[in-house]
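A short worksheet on the structure shown next.
Predicted model, so just to flag it, every value in this text is computed and none were measured. Chain naming here is simple, since letters A, B, ... match the order of the sequence lines and numbering starts at 1 in each.
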2 protein chains.
Amino acid sequence: MEQIHSKDTQTIADRLSDELITSIVKGDIPSGSKISEPDLARTFKVSRGPLREAIRRLEGLHLVARIPHVGARVVSLHSEQLVEIYQVREALEGMAARLACSNMTDEEIAELKELLDAHERNIEQSEGRDYFQHEGDFDFHYRIIQGSKNQRLIELLCSELYHLIRMYRFRSSQILSRPNKALTEHRHICTAIEERDGELAEILMRRHINTAQKHIEQEFQREEE
Amino acid sequence: MEQIHSKDTQTIADRLSDELITSIVKGDIPSGSKISEPDLARTFKVSRGPLREAIRRLEGLHLVARIPHVGARVVSLHSEQLVEIYQVREALEGMAARLACSNMTDEEIAELKELLDAHERNIEQSEGRDYFQHEGDFDFHYRIIQGSKNQRLIELLCSELYHLIRMYRFRSSQILSRPNKALTEHRHICTAIEERDGELAEILMRRHINTAQKHIEQEFQREEE
DNA sequence: AATCAAAATATTGTCGACAATATGAAGGAA
DNA sequence: TTCCTTCATATTGTCGACAATATTTTGATT
């Protein structure tokens, strides 16, 4: 009666879909490549039954696109789609910040502030290390989303859009070109939450994400030259 | 080379999942009931392979909740979850209205106005007929979402949240208690879009949905007495 | 009678085989 | 050569059977 959350109770299909998500996000299975069922079945040493169920899940997450009788391909993110994702993200995370103002405990807010302090130290210490910046950025956003206490919102952002954004980040690694500027924006958002000013927190979060979106657009424009 | 979109090319799993969605939304398969694979396979005269793939899709749409080795149950919407959905909807449809201001063509806006005229006539004619009000409400929102031209947003609202909201509407049929008030709000939103005022359109749409949310909360409170 | 243990039953999970469809290769006509 | 048709191959879709796990029933003990 203790092993409710034990890994053993997971099915092959569930485990497989998690592994496939990781492989796709990391780029081990490259963007645009075809998902061959016989190949993957051999690689992962499973039969095609659970594999197909896993693919169905990836399809729902928009990580692969499937055409009946033809097969599934890993999606490839173009600038237009990334902009679309960021518009959705702006709306949802704005709402998350607003809700977080009502629903985060004082303790959670204190931890959020500590997190930002840690980030500041990290930036001073490891100048230009992209990895920590990315992870740090995620931590911050992740906590606010969780702080909204809206399960639907959490699921949408952390389990659905999340993968696509990470997938993009793995491809082009310098997004947050100004870590200090980002940290400042994070601090302002945190302050608004501390003051329980939902209106302001939402506006600041939306502006913060909108800035990131504009940077991405610039990045793509530069690429196309 | 003409039959790309022909129905024949659909797989059993795809067709099945559509049918199951309809059954669940309409309530033919009631909320909270267990999805028995052997039963359903008999009912729909298919084997369990495609059926399981279909269930995976429903799981992704949050229409069923699955527990490994135990089975899947149709979700049952409680007031808390409905409020969560409406908070998400407020954020997303607000963004949709904002984007629609930039991206709808003059022609599409003209059609939107015509739609509202038709609704007005319908309300005068068939006082209290809930059905038309619901469908009309959907039409209006649907067109603005489409007008955003953001595929991700469209997919999210029209193919994912959509079902859950319809599921609720089938259960309790008097949501829009004031069709005239709703129509007025629709007109204001439409005017904002006509004037290409994204800021205002978003605010009005959010307020409109927020009102609906409050009505739902009242409805549930009354139920619990 | 109530509670627990163990066997019987049913359901979910997995697999390999076959059918249906699409893709690629070979061969022939313009 | 280039294009089209036909055939061969490979992949996807579907099915029925078996294994693993959960649920129910039974019966034994207190």
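- For A:Arg52 and D:dT12, the CZ to P distance is 8 Å, given to the nearest whole Å.
- For DNA chain C, the neighbouring residues in residues 59-68 of chain B, judged by any heavy atom under 4.0 Å, are B:Arg66, B:Pro68.
- A donor and an acceptor atom never sit less than 3.5 Å apart when one is taken from the side chain of B:Arg48 and the other from the base of D:dG16.
- Listed candidates were D:dT14, C:dT23, D:dA22. Nearest to the side chain of A:Val70 is C:dT23.
- Between the CD1 atom of A:Ile12 and the P atom of D:dA20 there is a distance of 11 Å, given to the nearest Å.
- In this structure, CG of B:Asp39 is placed 10 Å from C1' of C:dT11, rounded to the nearest angstrom.
- Between B:Lys45 and D:dT14, a side-chain N or O to OP1/OP2 separation shorter than 4.0 Å is absent.
- The closest side-chain heavy-atom distance from B:Phe44 to B:Leu20 is below 4.5 Å.
- Taking the side chain as every heavy atom from C-beta outward, A:Arg66 and A:Arg56 approach each other to under 4.5 Å.
- Put simply, CD on A:Glu53 is 12 Å from P on C:dT12, counting in whole angstrom units.
- What separates CD of B:Gln10 from C1' of C:dT21 is a distance of 15 Å, to the nearest Å.
- Expressed to the nearest 0.5 Å, how far CD of A:Glu59 lies from CZ of B:Arg57 amounts to 7.5 Å.
- Proximity of A:Asp18 to A:Gln10: side-chain heavy atoms (C-beta onward) are separated by under 4.5 Å at one or more points.
- Taking a 6.0 Å sphere around NZ of B:Lys34, one finds it holds more than 12 heavy atoms contributed by other residues, nucleotides or ligands.
- Remark: C1' of C:dT14 and CD of B:Glu37 are 12 Å apart, rounded to the nearest angstrom.
- Under the 4.5 Å side-chain criterion, counting only non-hydrogen atoms from C-beta, B:Leu92 is in contact with A:Leu92.
- In this structure, the ring-ring contact (aromatic ring centres under 6.0 Å, His included) partners of A:Phe140, at least two apart in sequence or on a different chain, are A:His186.
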Whenever both distances are under 3.5 Å in a Watson-Crick or G-U wobble pair, mark it; put DNA chain D into dot-bracket that way, with [ ] for crossing pairs and | when the partner is on another strand. ||||||||||||||||||||||||||||||
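- Nucleic acid contact for A:Ile35: sugar-phosphate only, since backbone atoms but no base atoms lie under 4.0 Å from a heavy atom of the residue.
- Look at B:Lys34 and you'll find a side-chain N or O under 4.0 angstrom from OP1 or OP2 of C:dT12.
- Rounded to whole angstrom, the span from the NE2 atom of B:His69 across to the C1' atom of D:dT21 amounts to 6 Å.
- Using modelled atom types and a 3.5 Å distance limit, the side chains of B:Gln213 and B:Glu217 yield a donor-acceptor pair.
- Atoms CG (B:Leu51) and P (C:dT14) sit 15 Å apart, rounded to a whole Å.
- Remark: the A:His215 side chain and the A:Gln218 side chain contain no N/O donor-acceptor pair separated by less than 3.5 Å.
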